[in-house]
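Order of the sequence lines sets the chain letters (A, B, ...), proteins ahead of strands, with each chain counted from 1. The structure presented is a predicted model; accordingly, all values stated were derived computationally and were not measured.
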There are 2 protein chains.
Amino acid sequence: MATIYDVAKKAGVGVGTVSRVLNANVHVSPQTRERVLLAIEELDYQPHAVARSLATRRTNSIGVLVPFFTRHFFIEVLRGIQDVAHRTDQGIFLYNVQKHDQKETYLARIPVERRVDGLIVITLRIRDGHAAKFQKGKLPVILVDSYHPILPSLVVDNAYGAKLATEHLLGLGHQKIAFLNGLMRYHASRARKDGFEEAYSQSGLQPDPKLVVETEFDRSGGKQGMAFLWERGARPTAIFAASDLQAIGAIEFLKTKGVRVPEDMAIVGYDDIEMAELLGLTTIRQPMYTMGAEAAERLLGGLEPPPTTEGPRVYRPELVIRESTGC
Amino acid sequence: MATIYDVAKKAGVGVGTVSRVLNANVHVSPQTRERVLLAIEELDYQPHAVARSLATRRTNSIGVLVPFFTRHFFIEVLRGIQDVAHRTDQGIFLYNVQKHDQKETYLARIPVERRVDGLIVITLRIRDGHAAKFQKGKLPVILVDSYHPILPSLVVDNAYGAKLATEHLLGLGHQKIAFLNGLMRYHASRARKDGFEEAYSQSGLQPDPKLVVETEFDRSGGKQGMAFLWERGARPTAIFAASDLQAIGAIEFLKTKGVRVPEDMAIVGYDDIEMAELLGLTTIRQPMYTMGAEAAERLLGGLEPPPTTEGPRVYRPELVIRESTGC
DNA sequence: TTGAAAGCGATACCAT
DNA sequence: ATGGTATCGCTTTCAA
């Protein structure tokens with residue numbers, strides 16, 4: 001494999017000159033540049049990325065720390081990241097977290113290992129200890145769909161999303177709306193609860209606590225949650241589920257009871273996964289691609305100190321109306 | 001940031017010794033090892049990955065070149081790769097191809113840039129020129145769901161998959177089976193056509209060419225393909241679609257015609273995407289996770305010269321029977 | 001067992 | 001404008 005020395009020798013110049021040509025440095029005469037370029041061509045030379053990184057102290061790549069369980073969300077965010085990364089000629093280093101301890105080891109290692117110039121953390125919650133280290137350390141970090149007061153964060157307004165969904169249902173004339181929320185240990189669930197209640201109170205109505213249940217965000221969560229409500233005797237006319245998967249699970253359960261959507265029951269999901277469109281599920285869409293792109297842009301653009309006081313960048317989700325709410 | 005020199009100084013030893021401790025080299029006395037370990041601890045030292053790579057000429061990471069359009073397939077394969085990569089402490093460098101020219105630039109650059117120790121190419125077809133370069137060059141490559149005679153390849157037996165699907169339908173008594181195939185420029189489509197025909201001929205029947213159509217692998221492809229057959233007057237009793245998305249598109253079209261699945265029409269898809277389970281779609285499942293894991297294992301395990309004569313490793317897909325074929 | 005020094009392949013400063 | 005050389009942070013001989 002040819003090195004910069006081989007090129008220099010072949011072109012009859014010093015390595016410094018070759019480097020200048022490589023880096024589009026102005027201080028090189030057209031003739032020499034030509035000679036160097038020729039030598040590069042003949043040797044089929046390409047600079048060694050690792051050596052270059054060591055010298056420049058830049059790796060030209062960003063790390064993405066991601067939990068695999070958020071497939072759809074992660075894929076979309078990743079698409080956004082990838083687009084701007086590619087545009088700016090940056091590589092993407094993937095740190096996937098499948099088990100909890102992986103997160104810890106990664107978080108401890110990535111900053112010191114310095115294999116990447118910056119890190120985007122998706123969905124994963126960052127503890128104060130790590131946050132402080134990041135802030136002190138020189139590795140820029142940005143959180144997507146996760147929030148920490150001293151780190152730049154991009155979050156979605158969950159309360160607003162829930163409010164949108166609930167208002168939509170209330171606007172349709174529904175008064176008995178079941179709420180299949182996620183578990184309260186997730187911040188998203190708590191925020192969505194607020195949004196749900198706010199929509200109700202603004203309409204002058206009261207939500208029925210008997211129609212609220214908390215389950216896992218997945219399909220069986222929705223199924224079980226709905227079953228639980230049903231057994232309990234609840235007979236809502238509409239459902240707001242905190243995830244599309246929960247909504248789908250609920251629909252599955254309802255089907256066994258002969259309840260049709262949307263004829264007998266209106267339903268709104270959350271996430272706008274691929275299936276939502278297919279099933280005609282009204283849902284809340286989050287700007288995942290945009291968040292990924294903006295995260296990458298901010299990471300690459302400015303490595304300014306994190307704007308601590310600024311608070312997180314908050315994105316507004318939108319309501320996507322489909323057949324499941326009978327329109 | 002602490003370097004190995006800081007550690008050496010603090011421990012009162014040479015950098016070589018520190019390096020030996022770091023790399024679990026035997027030639028170091030217990031006492032010195034202790035001292036070094038202590039210094040490392042106190043300085044919170046971690047070796048600089050880039051510098052280490054330059055010295056060892058190993059990056060401890062593998063590249064994954066992937067087209068984003070094969071989302072589900074790619075995600076599953078990636079999960080397999082990630083599992084073994086993590087186990088062997090390797091990083092994953094993601095090269096995503098969204099536009100065609102990206103593939104070319106990546107393929108040209110990755111080998112010389114040497115940012116990774118090996119490369120896994122997913123689904124993308126490799127031209128002879130690149131293949132030859134890879135074979136000559138020192139960067140090990142392995143193809144998943146793609147085949148090139150001089151490169152190690154992991155492929156799925158598409159003919160077999162199609163045969164399984166068709167046999168299933170024939171076994172159910174269907175004689176007029178529509179085949180929504182992919183475009184013939186894809187190898188997969190050609191192989192599946194073979195499998196489709198083989199199943200027929202083994203059963204002593206003849207497929208009706210009027211029931212075969214080639215479309216894109218996506219949902220609208222299925223919709224349009226089915227519409228095309230329908231307009232043409234075709235009235236099959238069953239459908240074999242070359243992708244789940246095509247199957248779903250076909251179902252959507254059929255719904256507009258009042259044709260119910262599976263009552264009026266049996267249907268088999270291909271891929272076993274998430275939605276397939278949800279919709280109760282009988283389909284063909286490919287061992288994606290396994291292929292990813294094996295690809296990574298082979299890449300990391302042996303960097304032996306690619307077994308040219310060996311031919312590709314062929315995986316057998318399996319039939320997953322669900323409600324859409326009325327069982 | 002250990003320390004010193006020579007790479008690894010680039011960049012960047014300092015002379016010229 | 002250009003060449004020479006120190007430097008980046010580590011590994012790995014080579015002596016001692």
Checklist entry - Any idea how A:Tyr186 and A:Phe217 line up, ring-wise: parallel (<30°), tilted (30 to 60°), or perpendicular (>60°)? => result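 A:Tyr186 vs A:Phe217 ring planes: tilted.
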Checklist entry - Looking for any heavy atom pair under 4.0 Å, which part of the strands does A:His48 touch: base, sugar-phosphate only, or nothing? => result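 Here A:His48 touches the backbone only, sparing every base.
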If the cut-off is 4.0 Å, is [X] near the phosphate of [N], judged by side-chain N/O to OP1 or OP2?
{"X": "A:Thr17", "N": "D:dG3", "value": "yes"}
{"X": "B:Thr56", "N": "D:dT12", "value": "no"}
{"X": "B:Arg52", "N": "D:dG9", "value": "no"}
{"X": "B:Tyr45", "N": "D:dC10", "value": "yes"}
{"X": "B:Ser19", "N": "D:dT11", "value": "yes"}
{"X": "B:Thr32", "N": "C:dT2", "value": "yes"}

Give the rounded distance in Å between these two atoms: [atom1] of [X] and [atom2] of [N].
{"X": "B:Arg20", "N": "C:dT1", "atom1": "CZ", "atom2": "P", "result": "10 Å"}
{"X": "B:Arg58", "N": "D:dT12", "atom1": "CZ", "atom2": "P", "result": "11 Å"}
{"X": "B:Glu113", "N": "C:dG9", "atom1": "CD", "atom2": "C1'", "result": "14 Å"}
{"X": "B:Ile4", "N": "D:dT7", "atom1": "CD1", "atom2": "P", "result": "18 Å"}
{"X": "B:Asn60", "N": "C:dC8", "atom1": "CG", "atom2": "P", "result": "19 Å"}
{"X": "B:His27", "N": "D:dC14", "atom1": "NE2", "atom2": "P", "result": "14 Å"}
{"X": "A:Lys9", "N": "D:dG3", "atom1": "NZ", "atom2": "C1'", "result": "16 Å"}
{"X": "B:Gln46", "N": "D:dG9", "atom1": "CD", "atom2": "P", "result": "15 Å"}

Checklist entry - Nearest nucleotide by nearest heavy atom, which residue falls closer to the 5' end of DNA chain C, B:Ala51 or B:Val13? => result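 Counting from the 5' end, the first nearest nucleotide belongs to B:Val13.
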Item to check | Residue pair A:Leu139 / A:Arg114: nearest heavy atoms and the distance that separates them | outcome: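 Smallest interatomic distance, heavy atoms only, reads N-NH2, 4.3 Å.
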Item to check | Heavy-atom closest contact (A:Leu54 atom, B:Val50 atom, distance) | outcome: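 Taking A:Leu54 first and B:Val50 second, the nearest heavy atoms are N-CG1, 3.6 Å.
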Any idea which of [options] is nearest the [X] side chain?
{"X": "B:Arg57", "options": "D:dC8, C:dC8, D:dT2", "value": "C:dC8"}
{"X": "A:Leu22", "options": "C:dT11, C:dT2, D:dG4", "value": "C:dT11"}
{"X": "A:Ala55", "options": "D:dT5, D:dC8, D:dG3", "value": "D:dC8"}
{"X": "A:Leu54", "options": "C:dG9, D:dC10, C:dT1", "value": "C:dG9"}

Item to check | Audit row: A:Tyr106, A:His130, ring-ring contact (aromatic ring centres under 6.0 Å, His included) steps and yes/no | outcome: CA-CA 11 Å; A:Tyr106 279 143; A:His130 287 306; over 10 Å; no
Checklist entry - Under a 4.0 Å N-O cut-off, is there an ion pair linking B:Glu113 with A:Arg52? => result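 No salt bridge links B:Glu113 with A:Arg52.
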